[in-house]
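Only heavy atoms go into these numbers, but all of them, side chains included; no hydrogens, no water, no symmetry mates.
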Amino acid sequence: MSTVNLTKPAATGSSVEGPRYVARAELVLAGPDHRPLGKAGLDPDPLEHLAAVCAQVRTEAGEEAELVVDLVPVPGRKVARRRRALMRRATRRGPSAYGEQLGGAGRGGGAMEILRDGLGVSAGGGAKRAARVPRQSDLSEGVGKFTPGADTQVFAVQVLVRCAARHPQQAQARLHQMLAAMEAFSGENRFVPIGPKWGPWRRYSNTWWLRSRFDRRLERGDFAPARRQWVTWQEIAGLLKPPTARCDAPNVARCGGVVPPAPAALPTWTGQRDVFPLGRVTGPDGTERLAGAYAKDVLFGASYGKSGFGKTEKALVECLSRAYAGDGAWFLDPHGAAWQRARPYLAHPAAAGRVWEINLARPAMDDRMACWNPLSMEGRPIEEVQDIVGSVVGAIASAHAWGGRRDPGQNSSVQRGAHPRPPLTPPCGQRASGAAADRVPDQDAAGGRGMA
């Protein structure tokens, strides 16, 4: 069996000499262990208060603050045995509300009733009356957090807090700050320190009969809590997770998001015709380069991000690089600002003769507008009417999320409106009157009415 070294490395960087004072405290559950702690969520982060306390610790002045949480899994059979004992106690207590017994004369009356039940007589001297049956809510309250599904999720916990400083009052003040931060986990139960607390004299585990046992457990990793205290993983998970993005303490190291490094095999883009630029990447040696991907390996791509983070500039570089490589490129600029920045680069001889600027923002009155008629039958035989109508109706139904059974009326209305139109549709730029006069028989044939 290998030995685990639990010795903590000595603190470095402290130039202060002199004695150090240590404040110690062992935290235990204040109430019965079947009463749950508060389930700390993620917003706010329960570690934020602990991190704020640690931010005030001056390590350069020889101060320290430690919070040690030890967990040992509890076998399921022990949890089941504990649950049965709690259920027997709830059964003996009978109906209750808010922790108080219903009926009888308080605690004394309950004891007298147990004695009468053992003798087989009632309070009036008659026959023994029927035993009181506890309610389901009483049993659930008596069992607490040790439900049948929690047999494999229960842990015995030991919590040790140790603070050191150059002045005893500083160490004690830092210890009280740590205890206050642990209030974030309070619910029906809470963590409290053990030890003497006589008025303002609160030595906790610093008393001579508790100090050596505390130090031995902290140094050697012994698990020997002062009393039995079992917790579920939901109660203690807030102490075991790393700080989240909602932990606003300034001393928490931020990683900026887990972004995997760029593959080392990416080529460096220097203007090659067969390389598609991607962006700047940092290599293992810390050098930055403009990486790309081979154009033959790029099928499609998309860029997402906040406004002002460089998506448009990246798209401009990609468009210009493909234009210089001799490929076709289409850049749609709704505002026109990006196009003005790209125009000087398109004056290069490699792209100047192939540039088309289509500006639809300010058309002249005599300009012809580009349009597309999805029902046009130009160059198509009459047999394709059903295919065109079905495609248009299906596209409209999909865009509006119409179902065949749920919205049959909408599909039928669109189909009736689109069915007779394809034979009548003229090409773009022609007048509809002449085309309609030439195709009146087609309209009747398409509509199914026929000619007399």
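Crowding of Trp208 atom CH2: a count of heavy atoms from other residues, nucleotides or ligands under 6.0 Å not exceeding 12. Counting non-hydrogen atoms of other residues, nucleotides and ligands closer than 6.0 Å to CZ of Phe223 gives a total above 12. Other residues, nucleotides and ligands contribute more than 12 heavy atoms inside 6.0 Å of the NZ atom of Lys241.
Val317 and Pro277 get closest at one heavy-atom pair: CG1-CG, 4.1 Å. When every heavy atom of Pro267 is checked against every heavy atom of Val275, the shortest pair comes out as CG-CG1, 4.3 Å. Residues Pro374 and Ile388 come closest through the heavy atom pair O-CG2, 3.6 Å. The minimum heavy-atom distance between Glu235 and Arg35, with the atom names listed, is OE2-O, 4.4 Å. Between Ala25 and Pro193 the shortest heavy-atom distance is CB-CB, 4.3 Å. Considering every non-hydrogen atom in both Pro243 and Val252, the closest pair reads CB-CG1, 3.8 Å.
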Practice item. List the steps and the verdict of salt bridge (charged side-chain N to carboxylate O under 4.0 Å, His left out) for Lys314 and Glu318. Key: CA-CA 6 Å; Lys314 175 176 176 291; Glu318 294 171 351; 2.5 Å; yes
Exercise for review: Could you please spell out the steps behind the side-chain contact (heavy atoms from CB on, under 4.5 Å) verdict for Ser186 and Phe191?
Suggested key: CA-CA 7 Å; Ser186 298; Phe191 283 115; over 6 Å; no
Practice item. Take Lys311 and Tyr304 through the test side-chain contact (heavy atoms from CB on, under 4.5 Å) and record every step on the way to the result. Key: CA-CA 7 Å; Lys311 299 186 301 298; Tyr304 304 96; 5.5 Å; no
Exercise for review: Please test Val68 against Leu218 for side-chain contact (heavy atoms from CB on, under 4.5 Å), starting from the C-alpha separation and ending with a verdict.
Suggested key: CA-CA 8 Å; Val68 181; Leu218 191 65; 3.5 Å; yes
Exercise for review: Would you check, one step at a time, whether the test side-chain contact (heavy atoms from CB on, under 4.5 Å) holds for Leu37 with Glu188?
Suggested key: CA-CA 6 Å; Leu37 293 167; Glu188 294 185 34; over 6 Å; no
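Judged by distance alone, with hydrogens and angles left aside, the side-chain atoms of Arg354 form a donor-acceptor pair with the main-chain N or O of Ala323 at under 3.5 Å. In this structure, the side chain of Asp222 does not engage the main chain of Ala224 through any donor-acceptor pair within 3.5 Å. Judged by distance alone, the side chain of His335 and the main-chain N or O of Ala337 form no donor-acceptor pair under 3.5 Å. In this structure, the side chain of Gln229 engages the main chain of Val157 through a donor-acceptor pair within 3.5 Å. In this structure, the side chain of Asn189 engages the main chain of Gly31 through a donor-acceptor pair within 3.5 Å. Under a 3.5 Å cut-off, the side chain of Asn251 and the backbone N or O of Ala51 do form a donor-acceptor pair. Side-chain N or O atoms of Arg174 include none that pairs as donor or acceptor with a backbone N or O of Val57 at under 3.5 Å. Between the side chain of Asp45 and the backbone N or O of Thr244 there is at least one donor-acceptor pair closer than 3.5 Å. Glu313 places no side-chain N or O within 3.5 Å of a backbone atom of Phe309 that could act as its donor or acceptor partner. Side chain of Asp274 to backbone of Tyr294: no donor-acceptor contact under 3.5 angstrom is found.
A cation-pi arrangement is present between Arg228 and Trp230, with the terminal nitrogen or guanidinium carbon under 6.0 Å from the aromatic centre and inside a 45° cone about the axis.
When Arg217, Arg211, Arg227 are each tested for a salt bridge (charged side-chain N to carboxylate O under 4.0 Å, His left out) with Glu26, only one passes: Arg217.
A 4.5 Å side-chain heavy-atom check between Cys163 and Arg24 finds every atom pair outside the cut-off. No side-chain heavy atom of Arg81 sits less than 4.5 Å from a side-chain heavy atom of Val79. Counting only heavy atoms from C-beta outward, the side chains of Arg162 and Val22 approach each other to under 4.5 Å. Between Leu346 and Leu320, the closest side-chain pair of non-hydrogen atoms falls below 4.5 Å. Leu67 places a side-chain heavy atom less than 4.5 Å from the side chain of Met182. Side-chain contact between His49 and Gln177 is absent, with no heavy atoms from C-beta onward closer than 4.5 Å. At least one side-chain heavy atom of Leu27 sits less than 4.5 Å from a side-chain heavy atom of Leu179. At least one side-chain heavy atom of Thr207 sits less than 4.5 Å from a side-chain heavy atom of Pro196.
Going from atom CZ of Arg220 over to atom CG of Asp215 covers 12.0 Å, rounded to the nearest 0.5 Å.
Note: His167 and Tyr21 have tilted aromatic rings, judged against thresholds of 30 and 60 degrees for the angle between ring planes.
Between Glu63 and Arg20, no side-chain nitrogen of the basic residue sits less than 4.0 Å from a carboxylate oxygen of the acidic one, so the salt-bridge criterion is not met.
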